[in-house]
Amino acid sequence: MRLTRYFLPVLKENPAEAHIVSHRLMLRAGLVQQQTAGIYAWLPLGFRVLKKIEAIVRDEQERAGSIEVLMPTIQSADLWKRSGRYQEYGKEMLRIQDRHERDLLYGPTNEEMITSIFSSAARSYRDLPRNLFHIQWKFRDEVRPRFGVMRGREFLMKDGYSFDVDVESARRSYRRMFVSYLRTFERMGLRAIPMAAQAGPIGGDLSHEFSILAETGESQIYCHRDLMEMSMPGNDIDYDSDLEPVVEQWTKPYARADDEHDPAVFEAEVAPNDRLEARGIEVGHVFFFGSKYSEPLEATVSTPDGHSVPLQSGSYGIGVSRLVGAIIEAYHDDAGIIWPESVAPFQVGLANLGPDKPECVECCESLYTQLNNAGIETLFDDTAENPGVKLSRMELIGLPWQLRIGPRSLKKGVGEIQARRTGENTEVPLDNLVERIRALLGESSP
RNA sequence: CGGGACAUGGCGCAGCCUGGUAGCGCACCUGCUUUGGGAGCAGGGGGUCGCAGGUUCAAAUCCUGCUGUCCCGACCA
């Protein structure tokens, strides 16, 4: 993409309303634009990041055996009246009426709808287990939206739902999602720690919040330091195998957010040097809720012995739009964002530092073509602006690799590759540039 | 939902207390010069001060109401 044809409205100064680093950088780097409190328009660069995150989430969901669907944003109130949540859910639910004065709502979540959809077709234990997910915009009329997309009212969420014939089988579904969440966040360069959360209807251990550590986190978390070093399930993980050892490993060390925190247990279980207290951002939540919705909605299947039992379900959420902010909280410096490669809007930024020099233009045009042909996502700064403007803007938007071409380097027959993360600058002969970039991509993770 | 602030060109702000019809920096436009860390000179365009009402000869400035936004706390992916 040529910058002269792109839409990248960067801000030189910090917008007054943004108080945390990710919000500031998202506005400054032209990722989003606020439309009203807690509601954002995604500009081209931000939208690309959102899509990258979405793709990783989708990929890991499918790998774990979950199947994608798409449910509407607007729901009829009927289902919610049957489950009782139409009354229970507070003012956070946006209630609307259509022209026939029928009660509708903008979905804050989809347990009722998915239960209805699934149970309308699933009759038998043979149809189980299944896990369906969708990635869709939600609306929750938060009392106090803040921190940009980290607590918006409208937000993009992956919500998945598992259906099983009994609790033991549901546990297996839960573990699959648990493991897939560890992998999902890791692929974005995040270490998300599963925290024991408020127990579900059957009690026990089937609810976890996945949080990443960040100064601007909204909750206080307490955990064992080991969780920061523990190795993640690899690419070869078999979701049909017994995942209990993995879950066991990750849930054994103490890890709780402030609402579940018990200082006495913390101090008894964790040695002083191993205690980690920090702020956390919740990026995912897995939860088993049994027959909470299947019973009122009469979603049942027949068992092998011919009885009829309500579906056993869990729900699994990932805050996709929130992750954009969370990743920036984890990866930035004074100059701007530092995108992990896996979610970067472009892999490479190509900057022509001598836009008035024909040899620079020619060289950049050639490189741009080569990079495109190599399938490398490149943002080409072909503007006539000063080098300083280009370099600082490139740092602000945080592309992992910057390719700099100017009269100075050209004289030596080289181009410069600067790593955004380390600031390391390498001179590479012009002929080898594209090859080198290709080698660098994916070599260092994240 | 409790508490507290703010609202002035695209952005950041001053002016308001002590009413007299709007100013600065950045951005933008034109020209020339510049080009390896957010350039220089010259010229130029753009706001009626969130909205409504009131006081006054006169309101960005004082008063009332409304709306919007932000911050702190309690709740949430």
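Lettering of chains follows the sequences in order, A, B, ..., and the numbering in each one begins at 1. Computed from a predicted structure; not experimentally measured.
Of the two residues near RNA chain B, A:Arg140 and A:Glu13, the one whose nearest nucleotide lies more 5' is A:Glu13. Place A:Ala335 and A:Ser321 on RNA chain B by their nearest nucleotides, and A:Ala335 ends up nearer the 5' end.
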* **Trace of the side-chain hydrogen bond (donor to acceptor under 3.5 Å, both in side chains) decision for A:Tyr293 with A:Ser313** => CA-CA 8 Å; A:Tyr293 301 100; A:Ser313 290; over 6 Å; no
* To do: Check the pair A:Asp381, A:Arg393 against salt bridge (charged side-chain N to carboxylate O under 4.0 Å, His left out), reporting the backbone distance first and the verdict last.
  => CA-CA 10 Å; A:Asp381 188 341; A:Arg393 178 171 51 215; 2.8 Å; yes
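In this structure, A:Lys91 reaches the B:C1 phosphate: one of its side-chain N or O atoms is under 4.0 Å from OP1 or OP2. A sub-4.0 Å separation between OP1 or OP2 of B:A77 and a side-chain N or O of A:Thr109 is absent. Dashed line: the shortest gap from a side-chain N or O of A:Asn386 to OP1 or OP2 of B:G38 is not under 4.0 Å.
Using C1' as the reference atom, B:G19 and B:G15 are 12 Å apart when rounded to the nearest Å. Nucleotides B:U18 and B:A60 have their C1' atoms positioned 16 Å apart, rounded to a whole Å. Between the C1' atoms of B:U33 and B:G10, the separation comes to 28 Å (whole Å). Between B:C41 and B:G4, the two C1' atoms lie 48 Å apart (nearest whole Å).
Rounded to an integer number of Å, the gap from A:Arg146 CZ to B:G73 C1' is 8 Å. Taking atom OH of A:Tyr40 as the reference point, atom C1' of B:C70 lies 10 Å away to the nearest angstrom. Taking atom CG of residue A:Asp381 and atom C1' of nucleotide B:U35, one finds them 13 Å apart after rounding to whole Å. Separating the CD1 atom of A:Ile405 from the C1' atom of B:G36 is a distance of 12 Å, rounded to the nearest angstrom. The CE atom of A:Met195 sits 14 Å away from the P atom of B:A77 (whole-angstrom rounding). Residue A:Asn110 contributes atom CG, which lies 13 Å from atom C1' of B:A77 at whole-angstrom precision. Atom pair A:Glu154:CD and B:A77:C1' shows a separation of 14 Å (rounding to whole Å applied). In this structure, A:Phe287 atom CZ and B:A77 atom C1' are separated by 14 Å, rounded to whole Å.
A donor-acceptor contact under 3.5 Å links the side chain of A:Arg28 to the base of B:G38. Evaluation of atom-type donor-acceptor distances gives a pair under 3.5 Å for the side chain of A:Ser409 against the base of B:G36. Side chain A:Glu416 to base B:G36: a donor-acceptor pair is found below 3.5 Å. For a distance-only test at 3.5 Å, the side chain of A:Arg393 fails to qualify as a donor-acceptor partner of the base of B:G37.
Under the 3.5 Å distance criterion, with hydrogens and angles disregarded, a donor-acceptor pair is assigned to the side chains of A:Arg404 and A:Gln402.
Nucleic acid contact for A:Glu17: sugar-phosphate only, since backbone atoms but no base atoms lie under 4.0 Å from a heavy atom of the residue. Across all strands, A:Val320 comes closer than 4.0 Å to no nucleic acid atom at all (heavy-atom distances). Using a 4.0 Å heavy-atom cutoff across all strands shown, A:Gly284 reaches sugar-phosphate atoms only and no base atom. At the heavy-atom level, A:Leu353 lies under 4.0 Å from base atoms of the strands shown. A:Asn14 comes within 4.0 angstrom of sugar-phosphate atoms only, judged by non-hydrogen atoms across all strands, and of no base. Across all strands shown, A:Pro355 has no heavy atoms under 4.0 Å from either base or sugar-phosphate atoms. At the heavy-atom level, A:Gly152 lies under 4.0 Å from base atoms of the strands shown. Using a 4.0 Å heavy-atom criterion, one finds that A:Gln34 contacts the sugar-phosphate atoms exclusively.
Just one residue in the list A:Trp137, A:Trp80, A:Phe139, A:Tyr89 forms a ring-ring contact (aromatic ring centres under 6.0 Å, His included) with A:Tyr106, and that residue is A:Phe139.
Distances from the side chain of A:Asp356 to the nucleotides B:G68, B:U35, B:A77 place B:U35 closest.
Contact check on A:Lys138 versus A:Asp159 returns a salt bridge, with a Lys/Arg side-chain nitrogen under 4.0 Å from an Asp/Glu carboxylate oxygen. Using a 4.0 Å cut-off between a side-chain N of Lys or Arg and a carboxylate O of Asp or Glu, A:Arg183 and A:Glu60 qualify as a salt bridge.
Legend: residues meeting ring pair (Phe, Tyr, Trp, His ring centres under 6.0 Å) with A:Tyr181, ordered by chain and number and at least two apart, are A:Phe185, A:Phe210.
Side-chain contact between A:Glu277 and A:Gln220: present, with at least one pair of heavy atoms (C-beta onward) separated by less than 4.5 Å.
Nucleotide B:C28 is matched to B:G44 when pairs are restricted to Watson-Crick or G-U wobble geometry with both distances under 3.5 angstrom. Under the Watson-Crick or G-U wobble criterion, with both distances below 3.5 Å, B:A14 has no partner in any strand shown. Nucleotide B:A39 has B:U33 as its partner under the Watson-Crick or G-U criteria, with both atom distances under 3.5 Å. Taking a pair to require two hydrogen-bonding distances under 3.5 Å in either a Watson-Crick or a G-U wobble arrangement, B:A5 pairs with B:U69.
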